[in-house]
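None of these values were measured; they are calculated from a predicted model. Computed from heavy atoms alone, side chains included, the values below leave out hydrogens, waters and symmetry copies.
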Amino acid sequence: MADAARGLWWWGRRRSVVLDVTLGVLSALECAAEGVSFAASAAVPVPVGVVFGLLAGSVLVVRRRWPILVVLVSIAITPAEMGYLMGLVGLYTLAASEVPRRIIAALAGMSLVAVALVTFVQVRQDVAAADFDPGSWYVPTVSLFMSLGLTAPPVLFGLYIGARRRLMESLRERADSLEQELSLLADQAEQRAQLARTEERTRIAREMHDVVAHRVSLMVVHAAALQAVALKDPQKAVKNAGLVGEMGRQALTELREMLGVLRSEAPAAGAAAGSAGEPLAAVGRAAAAAAGVSEVAGGSGASGVSGVSVVSAGSVVEEGPGLDGVEELVEQSRAAGTVVELMVVGEVRAYAREVEQTAYRVVQEALTNVHKHAAGAKVVVRLGHRGDEVAVQVENGPSDAAVAGAGLPSGGNGLVGMRERVTGLGGVFVSGPTDAGGFRVSAVLPVAV
């Protein structure tokens, strides 16, 4: 029951007003019709009985605000054989409200006794008027069943609805609390990630200085010496030239090693499980970036999916095709003999250039890998337009052994390049084999880069 408005207008929603007013009108009409027979039996004018019924039945309108009053009125008019609808709806509302259980039990018991007594008297009169004897058990049994039928179902259903409502409110509160906690964790992880990035830049600058500046300085010294002795002492010049070459080779070797380490660690720094929800993935990305470690999906209940990584944004995206060129890619693959099915879900619309180009490159590289490693396999390309994100999935079945491979060379950087493109825009990239023996590449890109 909504408590947003007080006074006369206690309803929280417009449809609640319509429902309660409709029930009140129906109850008033019912009681007015029953007031005619009540007036005849009580020897009062018929208009008095009708007005009494209208006033008593209209009390049902306030059932959400004062459910106890509605039940008490229904019990009070039970001897007049009025208010059956009011009794049913009132007991349901009372049981579904926040009224203590002992009050609900007491009022339900009073209603049960009142209905049982009225039914007992009415059935006994009907049996006497019918001039037959069905047995001493008939009247009490009918009275008991009638009272239980008019009391137990609304009370039990109201208790169920009230318990379900409280459960939903509790779950909603827990969800809000978890969302706040996740937001706080994400903020903390983002702060730690920013600090980690600053420290990493400092470390890289120091390493670059140690490796490059030292070696290049030695090379400059030896080059100057070489220039000075080149004409006077050819043997020493040759020796200095050899030293310069050796220093250059060492500098290049160490520089390659450092760049190789940086390139291998960067994708793993933000690895996260691709099956997690967006808030958890955001926390995982930031926390992993702050800790500078990799996490393999599937270690904590995931489905064994690997190859998900997240790196910091900022990659430069050159001009290139967009999602409107995916169909042409598919047609090119079909022309090459590959069975490709294109499925587009959602409303097609334009995105930022880097988003469309990244999605295009994912499809392009995935199809290229199919040509290289899965000749003859059937391919399904899916594009999903889902509100604030666009999803791309390319899945191929097992390769056909009867189809000869194209013999294309592979540099081993295709998946790495796709992953870097996707995660550079803040998206999620997942790749891995399927249970059917094929391979699946999936990417989810946020629309707002």
Side-chain angles (χ1 to χ4, degrees), residues 1-3 10-13 15-35 38 52-124 126 137-173:
M1 181 173 59
D3 295 329
W10 54 84
W11 292 283
R13 293 176 293 183
R15 64 180 183 181
S16 300
V17 179
V18 175
L19 176 61
D20 288 357
V21 171
T22 302
L23 290 175
V25 171
L26 293 177
S27 177
L29 294 176
E30 177 204 358
C31 292
E34 295 165 346
F38 168 70
F52 175 74
L54 288 174
L55 294 177
S58 61
V59 177
L60 188 58
V61 176
V62 299
R63 68 184 185 95
R64 296 178 190 267
R65 186 67 181 274
W66 297 294
I68 297 178
L69 174 63
V70 174
V71 175
L72 290 176
V73 172
S74 68
I75 294 174
I77 63 177
T78 298
E81 299 182 7
M82 292 183 183
Y84 292 102
L85 176 62
M86 181 188 300
L88 292 173
V89 178
L91 287 174
Y92 160 77
T93 306
L94 178 68
S97 65
E98 300 299 329
V99 176
R101 293 294 179 85
R102 61 180 182 275
I103 298 179
I104 297 176
L107 292 176
M110 293 172 58
S111 178
L112 178 67
V113 172
V115 173
L117 291 176
V118 173
T119 306
F120 183 85
V121 174
Q122 182 65 37
V123 172
R124 188 173 62 177
D126 294 341
W137 57 270
Y138 179 76
V139 175
T141 301
V142 172
S143 302
L144 178 62
F145 275 102
M146 287 291 294
S147 58
L148 288 176
L150 293 175
T151 305
V155 172
L156 294 178
F157 187 61
L159 291 174
Y160 165 74
I161 294 298
R164 182 177 179 272
R165 184 181 301 155
R166 288 188 291 271
L167 176 61
M168 295 300 295
E169 292 176 356
S170 174
L171 292 176
R172 190 178 298 110
E173 291 176 358

Taking only distance into account, with no hydrogens and no angle test, what donor-acceptor pairs under 3.5 Å do side-chain atoms of residues 148-162 form with protein atoms, sequence neighbours excluded?
| residue | atom | partner | partner atom | Å |
| --- | --- | --- | --- | --- |
| Thr151 | OG1 | Ser147 | O | 2.9 |

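- The shortest heavy-atom contact between Ser143 and Ala116 is CB-O, 3.8 Å.
- Shown here for Gly83 and Ile77, the closest heavy-atom pair between the two residues is CA-CD1, 3.8 Å.
- Judged as a side-chain contact (heavy atoms from CB on, under 4.5 Å), and not counting sequence neighbours, the contacts of Val25 are Val21, Leu29.
- Every residue two or more places apart in sequence or in another chain that forms a side-chain contact (heavy atoms from CB on, under 4.5 Å) with Leu54 is listed here: Ala28, Ala32, Val50.
- Between the CZ atom of Arg172 and the CG atom of Leu167 there is a distance of 10.0 Å, given to the nearest 0.5 Å.
- A distance of 11.0 Å separates CG in Leu88 from CG in Leu23, rounded to the nearest 0.5 Å.
- Every residue meeting the side-chain contact (heavy atoms from CB on, under 4.5 Å) condition with Val121, not counting sequence neighbours, appears here in chain and number order: Gln125.
- Every side-chain contact (heavy atoms from CB on, under 4.5 Å) that Ser74 has, sequence neighbours left out, goes to Val71, Met86.
- Remark: Thr93 engages Arg63 in a side-chain hydrogen bond (donor to acceptor under 3.5 Å, both in side chains) (not counting sequence neighbours).
- Screening residues 99-122 for ring pair (Phe, Tyr, Trp, His ring centres under 6.0 Å), with sequence neighbours left out, gives no hits.
- In this structure, OG1 on Thr22 lies 13.5 Å from CZ on Arg15, to the nearest 0.5 angstrom.
- Contact detail for Gly53 and Cys31: the closest heavy-atom pair is O-CB, 3.0 Å.
- The ring-ring contact (aromatic ring centres under 6.0 Å, His included) search around Tyr84 returns none, not counting sequence neighbours.
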Could you go through the side-chain contact (heavy atoms from CB on, under 4.5 Å) check for Trp66 and Val59 one step at a time?
-> CA-CA 9 Å; Trp66 297 294; Val59 177; over 6 Å; no

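- Rounded to the nearest 0.5 angstrom, Ile68 CD1 and Ile103 CD1 are separated by 5.0 Å.
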